[in-house]
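Input: a single structure, listed below in structure tokens.
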2 protein chains.
Amino acid sequence: MSKTLMKAMNFDQNKKIDSAYQNNCGDCELCTHTVNRRRVRVDSEEILAIENIIQSHTQAEKSQIIYKTGQPFTHLFTVHSGMFKSIHTNNKGEERIVEIFIPGQVMGFDGIRDGRYKTTVKAIHSGSYCIIPYQQLNELAFKHKAIQDRLLKMMSEKILQFEISHSEFNAKQKLVHFIQGVSELYYSRGFSAKQFPFPVSQRDLANHLGLAEETLSRTFAKLKKDDVLMLKDHQITIFDLDALDDILNT
Amino acid sequence: MSKTLMKAMNFDQNKKIDSAYQNNCGDCELCTHTVNRRRVRVDSEEILAIENIIQSHTQAEKSQIIYKTGQPFTHLFTVHSGMFKSIHTNNKGEERIVEIFIPGQVMGFDGIRDGRYKTTVKAIHSGSYCIIPYQQLNELAFKHKAIQDRLLKMMSEKILQFEISHSEFNAKQKLVHFIQGVSELYYSRGFSAKQFPFPVSQRDLANHLGLAEETLSRTFAKLKKDDVLMLKDHQITIFDLDALDDILNT
DNA sequence: CGGCTGTTTGATGAGTGTCAACGAATGTGG
DNA sequence: CCACATTCGTTGACACTCATCAAACAGCCG
């Protein structure tokens, strides 16, 4: 691992990468919901049954593929540490990064519909993830209402996110909206909303946001010049959280 | 109802509006899935239990609101005839048409996550819809695995649709992609893929696609000039289905 | 040190939003 | 059923954002 990335991950003498920006078991989307912008555990004994079927903390190297488009859908995955990306390939062969995942998030929902993954998921940098056999989860959901509800609510949440992100945005707003979303996610899990690791390359981010690499670079430059936020050494620093809202409401 | 709209709805001496482009009970997304581009009934006795909790065929006048942002989430709805639109209002107060629904589709999934609808749904023109009490459906899903699976698969399908629609498109491709989607939906339900009612105003469609009204108008004009498709009297006619793919793959 | 890969900067043009005006279609009230 | 008002769609001129192309620069790796 490079020095800058270590720094990005908040690596120092006291904190190891995996203990800093990681997700504790029981704190992922499966077992928590958002109350007042914070993730809190769902108050249900049954839901802990999930822990028994999860295979925890599998390591992934940079660019390692977790699952591929077309493969039989067998598992859901949660991010334990690091960041992952899901990629959709259209019939022109162009790749589009559909989602970028941080610790605690669940990956693989698009495979449920017909039993095949419809995207490819890769590790952005080295990280770790948990493996959830879907069939077992599905059976648990049929035994425990709380789990069934959690599953349905997670998917409903994802649908809502997509609905909202369809809004009209210019380049600056697209970027700010994305950063704000990640900031909220980190905050909801007890990390700083103003500073967090960001190992995503600008190429990937530009692709995800539907912008040219050059436009994204220029947009970052403007936001830094205006003292709104900064990307340095694979770490985002937000100087002015309120300014983010202002930009989105212009 | 206006004369042109009657025509659009295929209204003549022999066919009533409601019998032409309507959805038969048991043929909506809840009870069918897609096999070879066609909707077929899910082979399961239990799933018919849904019919017992559905309240069928409620009339809706043009612009009638089915549910509103912020209201407690109590029901899902399926379109029986006509078209409906879901609207999301951002914090600038701007309205964005998130989805446009045709007969057989289910509305209201975004309310599951926290018990409140997050969008507003309105009838585009007069139509009819069915009402499904969510709590009862939820309990049925807990009793019958087939129903639980159907629910999860429907939501997975919707997630996939959003993921894919995030692709990079120019104005022409946005329009063609949308029309192709509607065409597929009609086809999958046994109607013509080449000609179907289209009561959506260009203002609404432009809003939905994230285009200016003028750009949409010019795009329709180009597609007509190139003998690809035509919008007339609230009816879409596709001259060349293959051309749609060509446009999307350019 | 040299070769990648990722990022930045500048110049240019295509696509699309905006403004303005008009025409067509639809709805309303007398 | 007609006259008017209103909404909806079309067309042209123009401005602006952003993609594209080209090239240089910076960081990282062997």
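Model, not experiment: these values are computed from the prediction. Just so it is clear: chains get the letters A, B, ... in the order the sequence lines come, proteins before strands, and each one is counted from 1.
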Which donor-acceptor pairs under 3.5 Å do side chains of residues 68-76 of chain A form with protein atoms, sequence neighbours excluded?
from: A:T69; atom 1: OG1; to: A:T120; atom 2: N; distance (Å): 3.4
from: A:T69; atom 1: OG1; to: A:T120; atom 2: OG1; distance (Å): 3.0
from: A:Q71; atom 1: OE1; to: A:K68; atom 2: N; distance (Å): 3.2

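Rounded to an integer number of Å, the gap from CZ of B:R203 to P of D:dT6 is 15 Å. Summarising the geometry, the separation between CG on A:N170 and C1' on C:dT18 is reported as 15 Å, rounded to the nearest angstrom. C:dG15 atom C1' lies 12 Å from atom CD of B:Q173, rounded to whole Å. Atom CZ in A:F169 sits about 19 Å away from atom C1' in C:dT16, given to the nearest Å. Going from atom CZ of B:F220 over to atom P of D:dC8 covers 15 Å, rounded to whole Å. Summarising the geometry, the separation between CG on B:D204 and P on D:dC8 is reported as 8 Å, rounded to the nearest angstrom. One can place CG of A:L231 at 14 Å from C1' of D:dA26, the figure rounded to the nearest angstrom. Between the NZ atom of B:K224 and the P atom of D:dG9 there is a distance of 14 Å, rounded to whole Å.
When the salt bridge (Lys or Arg N to Asp or Glu O under 4.0 Å) test is applied to B:E213, the partners found at least two apart in sequence or on another chain are B:R203. Contacts of B:K85 classified as salt bridge (Lys or Arg N to Asp or Glu O under 4.0 Å), with partners at least two apart in sequence or in another chain: B:D204. Residues satisfying the ring pair (Phe, Tyr, Trp, His ring centres under 6.0 Å) criterion with A:H88, sequence neighbours excluded, are absent altogether. Residues meeting the salt bridge (Lys or Arg N to Asp or Glu O under 4.0 Å) test with B:K92, sequence neighbours left out: B:E94.
Under 4.0 angstrom from either OP1 or OP2 of C:dT5 there lies no side-chain N or O belonging to A:Q202.
Sorted by residue number, the members of residues 208-219 of chain B with any non-hydrogen atom under 4.0 Å from DNA chain C read B:G210, B:L211, B:A212, B:E214, B:T215, B:R218.
In this structure, A:F196 has its ring center at least 6.0 angstrom away from the ring center of A:Y21.
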